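Here the structure comes first, spelled out in structure tokens, and everything after it is commentary.
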Protein chains: 2
Amino acid sequence: MSAVAAEQPGEPSSRDRILDAAEGLFARRGYAGVGLRELADLVGLGKSSLFHHFESKPQLYAAVCARILARISEGVDRSLAAGGSPMERLERVVDDLLDLLAAQPNDARILLRSLFEDDELAGETREELEGREFTARIMSSISALLREGMEAGQFRSVHVPGLLLSLIGQTVFPFASGEFGQEILGKDPFDPSEVKRRKREVRDLLRHGLLAPAGR
Amino acid sequence: MSAVAAEQPGEPSSRDRILDAAEGLFARRGYAGVGLRELADLVGLGKSSLFHHFESKPQLYAAVCARILARISEGVDRSLAAGGSPMERLERVVDDLLDLLAAQPNDARILLRSLFEDDELAGETREELEGREFTARIMSSISALLREGMEAGQFRSVHVPGLLLSLIGQTVFPFASGEFGQEILGKDPFDPSEVKRRKREVRDLLRHGLLAPAGR
DNA sequence: GTCTATAGGGAGATAGAC
DNA sequence: GTCTATCTCCCTATAGAC
């Protein structure tokens, strides 16, 4: 079903507990800021045991990123499957993505952080290739949707790649902005009422910024 | 004139050369990913000499951030000073900010990265307080502009803090997205033609997403 | 699959000569 | 204002017992 092995609900494997803990640490302090000693302590293992589950620190980081991208890619696939007009599908993708980012507080930060670390991940490990595939899949799905909406005349003519970056900035960034976002908003960006508000904001900007004049 | 001491053009001081080099390194690898040894080598100094100019690594980092925020704050002040309708001023602020981020390739990354490092900078150094003041000044200026536009009836009714985060996502994020942005766009986000395109994109989204129906 | 022990190196920071 | 030398600590990773 998924590229990540299916797991029965029960007690999570050591591998999964390591991934969970690493995700939180990497989100807070970034790749270089996390020590394997700290991670091992958090999981309740000896430091060396980590190397039984992952070859190296870069590979562990890539696995954390790949798992997040897999979640998002599957979410986007699900959101797009339900059908509807291009605008209906786009709004559903955005809504569901915001719900997903709100439910997984580490995702937005790790995603943005990973974009900034061009250097670290220069390898060709399985996890890294997986992550790149998921990214490509997500981007091409949404690009296709935008092009379809333009061809159907529902969207005005826009530069698709540019709009993709704008959308990421509007959806992912607020959940990664941490204390800054909290201070600006006056409340936690992850608060359900704030998530709802953001959905409305993005939707309004899309409707008035994307719909062709004929559609208004 | 400015909170940062005025400097004659001539050969830059050691302090400035350290700040310049540190800015580039922090942008590429983040706070924890940069070693002072590497920084010292890059500047052409011994590692210990850095401590003559800065008390500690966190303070150096805060100084780098404060300098960037000072540049942006001054830019925003200048952009707002010229007058015009709220929409004209908002568009000018955005245009000038995009020009500034394009001209200073490290700024966007360091700004976003610094938002993610809630932990590291818990201190109360002069540099850090300065940075927070600049941030507050920038945010309150733009917030006031948005509120003025709403009260004047030129902007539709929006949630000001939420729109602030959206604007940051649309303007700052693309310049921080590095190789990812380059791959999506098919060209360097810092390329003049792409900067021009982004100005147009943000402006179009603002015009069609912000203007009150009566203004259309 | 987890552990202890350790290798080999780099980190931030300080002391004190020049 | 820059240097060399050094302190102490932590890092990733490996070896090998259990």
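These values consider heavy atoms only, across backbone and side chains, with no hydrogens, waters or symmetry-generated copies. A quick note: this is a predicted structure, and the numbers were derived from the prediction, not measured. A, B, ... follow the sequence lines: proteins, then strands. Residue 1 opens every chain.
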Would you tell me if any nitrogen or oxygen in the side chain of B/S49 comes within less than 4.0 Å of OP1 or OP2 on D/dC3?
-> yes
Does a sphere of radius 6.0 Å around CZ in B/R137 hold more than 12 heavy atoms from other residues, nucleotides or ligands, not counting ones at 6.0 Å or beyond?
-> no
Report, as yes or no, whether the 6.0 Å neighbourhood of atom NZ on B/K187 holds more than 12 heavy atoms from other residues, nucleotides or ligands.
-> yes
Nearest whole Å is fine: how far is [N] [atom2] from [X] [atom1]?
X: A/H52; N: D/dT14; atom1: NE2; atom2: P; result: 14 Å
X: A/Y61; N: D/dT12; atom1: OH; atom2: C1'; result: 17 Å
X: B/E38; N: C/dG9; atom1: CD; atom2: C1'; result: 15 Å
X: A/F54; N: D/dT14; atom1: CZ; atom2: P; result: 16 Å

Judged by nearest nucleotide, the residue sitting upstream toward the 5' end of DNA chain D, B/H53 or A/V34, is B/H53
With nearest nucleotides of DNA chain D determined for B/G44 and A/L36 from heavy-atom distances, which residue corresponds to the more 5′ nucleotide?
-> B/G44
Among [options], which is the nearest nucleotide to the side chain of [X]?
X: A/S48; options: D/dA13, C/dT2, D/dT14; value: D/dT14
X: A/K47; options: C/dT2, D/dT12, C/dT14; value: D/dT12
X: B/K57; options: D/dG1, D/dT14, C/dA13; value: C/dA13
X: A/R37; options: C/dG1, C/dG12, D/dC11; value: D/dC11
X: A/L45; options: C/dT2, C/dA11, D/dT2; value: C/dT2
X: B/F51; options: C/dG1, D/dT14, C/dG12; value: C/dG12
X: B/P58; options: C/dA13, D/dT2, D/dA13; value: C/dA13

Classify the angle between the aromatic ring planes of A/Y31 and A/Y61 as parallel (below 30°), tilted (30 to 60°) or perpendicular (above 60°).
-> perpendicular
Are A/R198 and B/S166 close enough that a side-chain donor and a side-chain acceptor fall under 3.5 Å?
-> yes
With respect to A/L97, which candidate in A/L101, A/D99, A/V94, A/D95 satisfies the side chain to side chain contact (heavy atoms under 4.5 Å, CB included) definition?
-> A/L101
Does A/E127 come within less than 4.0 Å of A/R67, counting only side-chain N to carboxylate O?
-> no
Any salt bridge between A/E91 and A/R200, counting N to O under 4.0 Å?
-> no
Base-pair string, DNA chain D, Watson-Crick plus G-U, cut-off 3.5 Å on both distances, | for inter-strand, is ||||||||||||||||||
